[in-house]
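One structure is given here, and the rest of the page talks about it.
Residue numbering restarts at 1 for every chain, and letters A, B, ... go by the order of the sequence lines.
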Amino acid sequence: MPELPEVETICRGLRPMLVGRDLIRVTARRADLRIPLPSDLAARLEGRRVERIDRRAKYILIRLDDSTVLIVHLGMSGRLAIAPTPPPSLDPHDHVIFELAGGARLIYRDPRRFGLITLATESELESHPLLHHLGVDPLAVAFDGGHLSALFKGRRTPIKAALLDQRVIAGLGNIYACESLFRARVSPFRLAASVAGRRAERLAGAIRSVLEEAIAAGGSSLRDYVQASGELGYFQLRLAVYGCAGQPCPGCDCGGTIRRIVQGGRSTFYCRHRQR
DNA sequence: CGGCAAACCTGCGAGC
DNA sequence: TGCTCGCAGGTTTGCC
């Protein structure tokens with residue numbers, strides 16, 4: 001499912017297919033996504049040209065030629081992909097169809113409907129309720145250990161939970177939070193405020209490298225994630241701990257076994273020997 | 001401030 | 001084969 005690397009991969013895949021193309025027709029097949037689809041979605045999009053595609057945390061921002069911005073979040077099970085040609089029959093969970101000049105179709109599919117599609121204008125974007133609280137992008141140049149420990153200062157919550165807090169770091173999800181902590185050898189139980197100095201440098205570096213490797217691999221393909229091209233990723237990032245409960249710790253010869261625990265209602269996978 | 005559970009939905013794999 | 005159960009990548013809300 002879409003965490004930051006998957007969303008980034010989708011944006012990169014969509015750009016060559018979408019930028020510069022006109023939206024001819026937009027069809028909403030059902031409107032009850034996480035937030036209701038705007039009733040004027042089609043009216044505001046049809047006839048517009050796509051100017052650029054950006055990612056903010058796990059949001060896809062599709063900018064159009066009249067300063068309208070199409071905001072897409074994929075939730076847990078969402079996909080946004082160009083339909084292959086010839087087009088297969090629609091799936092029951094294909095909720096919004098964007099027909100492009102030239103005949104291609106962009107399809108938003110989301111079985112669980114935890115995702116959303118909405119509209120904003122360029123001037124509304126900065127203070128938009130979905131976006132304004134988002135923290136620093138972990139791939140930003142400014143993101144480093146010093147930045148990380150400043151963000152965590154005074155926070156008496158386990159580092160694992162803090163990493164998932166989008167108000168602090170925007171874009172990390174459960175998989176990459178687990179993988180980053182493992183790589184940095186930081187215990188998921190450790191209080192966020194105690195992650196500073198060299199440990200914070202290690203963690204910031206681990207977050208960056210894990211995300212960059214995942215993007216380079218085209219996102220890690222789990223159950224229902226498909227790249228914008230509609231194909232499964234060629235390469236699947238090798239996950240060191242996520243989903244690996246009971247397996248020997250892959251990081252070193254510590255002899256530990258990967259354990260699964262629950263923190264804040266989310267699974268955490270870690271090695272108690274390697275991570276301190 | 002923070003932790004926790006529940007809510008939103010559907011699909012899938014495991015186990016019986 | 002077919003049923004039930006548990007679990008899933010996210011986010012928000014409300015309660016203690």
Side-chain angles (χ1 to χ4, degrees), chain A residues 1-10 29-37 55-60 71-81 91-96 108-118 128-135 138 151-181 188-194 207 210-211 214-215 217-227 232-233 236-246 259-269:
Chain A
M1 260 291 308
E3 295 184 30
L4 186 153
E6 289 74 25
V7 176
E8 179 63 30
T9 299
I10 289 170
R29 301 177 73 221
R30 67 180 295 172
D32 53 339
L33 306 183
R34 179 156 70 84
I35 62 176
L37 216 53
R55 175 187 62 75
R56 175 77 179 103
K58 299 169 197 168
Y59 290 88
I60 300 168
I71 302 174
V72 180
H73 193 290
L74 300 174
M76 297 267 271
S77 60
R79 307 175 187 188
L80 188 62
D91 180 276
H93 305 299
D94 289 343
H95 303 313
V96 183
Y108 178 77
R109 176 181 301 183
D110 185 4
R112 292 177 72 179
R113 308 208 310 282
F114 281 14
L116 65 88
I117 294 180
T118 194
H128 195 283
L130 289 170
L131 306 176
H132 81 274
H133 66 282
L134 291 171
L151 292 170
F152 287 154
K153 189 170 185 191
R155 291 193 56 118
R156 304 192 52 77
T157 187
I159 183 70
K160 167 66 187 328
L163 289 179
L164 293 180
D165 186 342
Q166 302 297 301
R167 296 169 299 183
V168 182
I169 301 176
L172 267 195
N174 203 33
I175 293 178
Y176 296 109
C178 291
E179 294 293 320
S180 299
L181 287 170
F189 295 107
R190 177 176 282 279
L191 294 187
S194 78
I207 290 169
V210 163
L211 293 177
I215 291 169
S220 54
S221 294
L222 294 179
R223 287 188 195 102
D224 46 15
Y225 168 66
V226 180
Q227 284 188 49
L232 287 171
Q236 184 165 345
L237 181 74
R238 187 185 193 87
L239 299 176
V241 287
Y242 190 87
C244 299
R259 300 177 149 235
R260 174 186 177 272
I261 58 169
V262 175
Q263 291 178 293
R266 313 294 304 278
S267 290
T268 297
F269 297 87

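Between C/dG10, C/dA8, B/dG3, one nucleotide has an atom nearer to the side chain of A/H73 than all others, and that is C/dG10. Counting only heavy atoms from C-beta on, A/Y242 has its side chain closest to C/dA8 among C/dT11, C/dA8, B/dG11. Here C/dT11 is the nucleotide among C/dT11, B/dG2, C/dT12 with the atom lying nearest to any side-chain atom of A/R266. Each of C/dG10, B/dG2, B/dG3 was ranked by its minimum atom distance to the side chain of A/K58; first place goes to C/dG10. For A/H93, taking side-chain heavy atoms from C-beta onward, the closest of the listed nucleotides C/dG10, B/dG11, B/dG2 is B/dG11.
When all heavy atoms are compared, the tightest approach of A/V210 to A/Y176 is CG1-CD2, 3.4 Å. Nearest heavy-atom pair across A/D94 and A/D91 is OD2-N, 2.8 Å. Taking all atoms of both residues into account, the shortest heavy-atom contact from A/D110 to A/G78 is OD1-N, 3.5 Å. Shortest non-hydrogen contact noted between A/L172 and A/E3 is C-OE1, 4.2 Å. For A/R56 against A/G135, the heavy-atom pair with the smallest separation is NH2-O, 3.1 Å.
Between the CD atom of A/Q263 and the P atom of C/dG10 there is a distance of 15 Å, given to the nearest Å. Rounding to whole angstrom units, CG of residue A/L33 and C1' of B/dT10 are separated by 14 Å. Summarising the geometry, the separation between CD1 on A/I261 and C1' on B/dC4 is reported as 15 Å, rounded to the nearest angstrom. Remark: C1' of C/dA8 and CD1 of A/I175 are 10 Å apart, rounded to the nearest angstrom. The CZ-P distance, from A/R109 to B/dG11, rounds to 11 Å in whole Å. Atom CG of A/D91 is separated from atom P of B/dT10 by 13 Å (rounded to the nearest Å). Note: CG (A/L134) to C1' (C/dG10) measures 12 Å, nearest angstrom. Here B/dC4 presents its C1' atom at 15 Å from CG of A/D165, a figure rounded to the nearest Å.
At B/dC1, none of the side-chain N or O atoms of A/T157 fall inside 4.0 Å of OP1 or OP2 (strictly under the cut-off). Taking 4.0 angstrom as the limit, A/Q166 places none of its side-chain polar atoms (N or O) nearer than this to OP1 or OP2 of C/dG10. The side chain of A/S267 places no N or O atom within less than 4.0 Å of a non-bridging phosphate oxygen (OP1 or OP2) of C/dC7.
In this structure the side chain of A/L181 never reaches within 4.5 angstrom of the side chain of A/R190, judged on heavy atoms.
Side-chain atoms of A/K160 come within 3.5 Å of backbone atoms of A/S267 as a donor-acceptor pair (strictly under, hydrogens ignored).
The separation of B/dC9 from C/dC3, taken at their P atoms, amounts to 25 Å, rounded to a whole angstrom. C/dG6 and B/dA5 have their P atoms separated by 16 Å, given to the nearest Å.
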Below 3.5 Å is the cut-off: list the nitrogen or oxygen pairs between protein and nucleotides 5-9 of chain B, distance only.
residue	atom	partner	partner atom	Å
B/dC9	O3'	A/R113	NH1	3.3
B/dC9	O2	A/R112	NE	2.9

Could you pull out the protein-nucleic contacts involving nucleotides 14-16 of chain C (nitrogen or oxygen on both sides, under 3.5 Å)?
none

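Contacts of A/P92 with the nucleic acid, taken as non-hydrogen atoms under 4.0 Å apart, are absent. Among the heavy atoms of the strands lying under 4.0 Å from A/R260 are primed sugar atoms or P, OP1, OP2 only; no base atom is included. As judged by a 4.0 angstrom heavy-atom cut-off over every strand, A/R156 is placed among residues touching the sugar-phosphate backbone only.
Other residues, nucleotides and ligands place no more than 12 heavy atoms under 6.0 Å from the CZ atom of A/R259.
Between A/Y59 and A/H73, the ring planes lie perpendicular to each other; the angle is over 60°, past the 30° to 60° tilted range.
Distance check, rounded to the nearest 0.5 Å: SG of A/C178 to CG of A/L163 gives 9.5 Å. Between the NE2 atom of A/H95 and the CZ atom of A/R109 there is a distance of 9.5 Å, given to the nearest 0.5 Å. Here the CG-CD distance, from A/L239 to A/E179, works out to 4.5 Å after rounding to the nearest 0.5 Å. The CD1 atom of A/I169 lies 4.5 Å from the CD1 atom of A/I207; values are rounded to the nearest 0.5 Å.
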Go ahead and write out DNA chain B as dot-bracket, 5' to 3': ( ) for pairs within the strand, [ ] for ones crossing earlier pairs, | when the partner sits on another strand, dots for unpaired; Watson-Crick or G-U wobble, both distances under 3.5 Å. .|||||||.|||||||
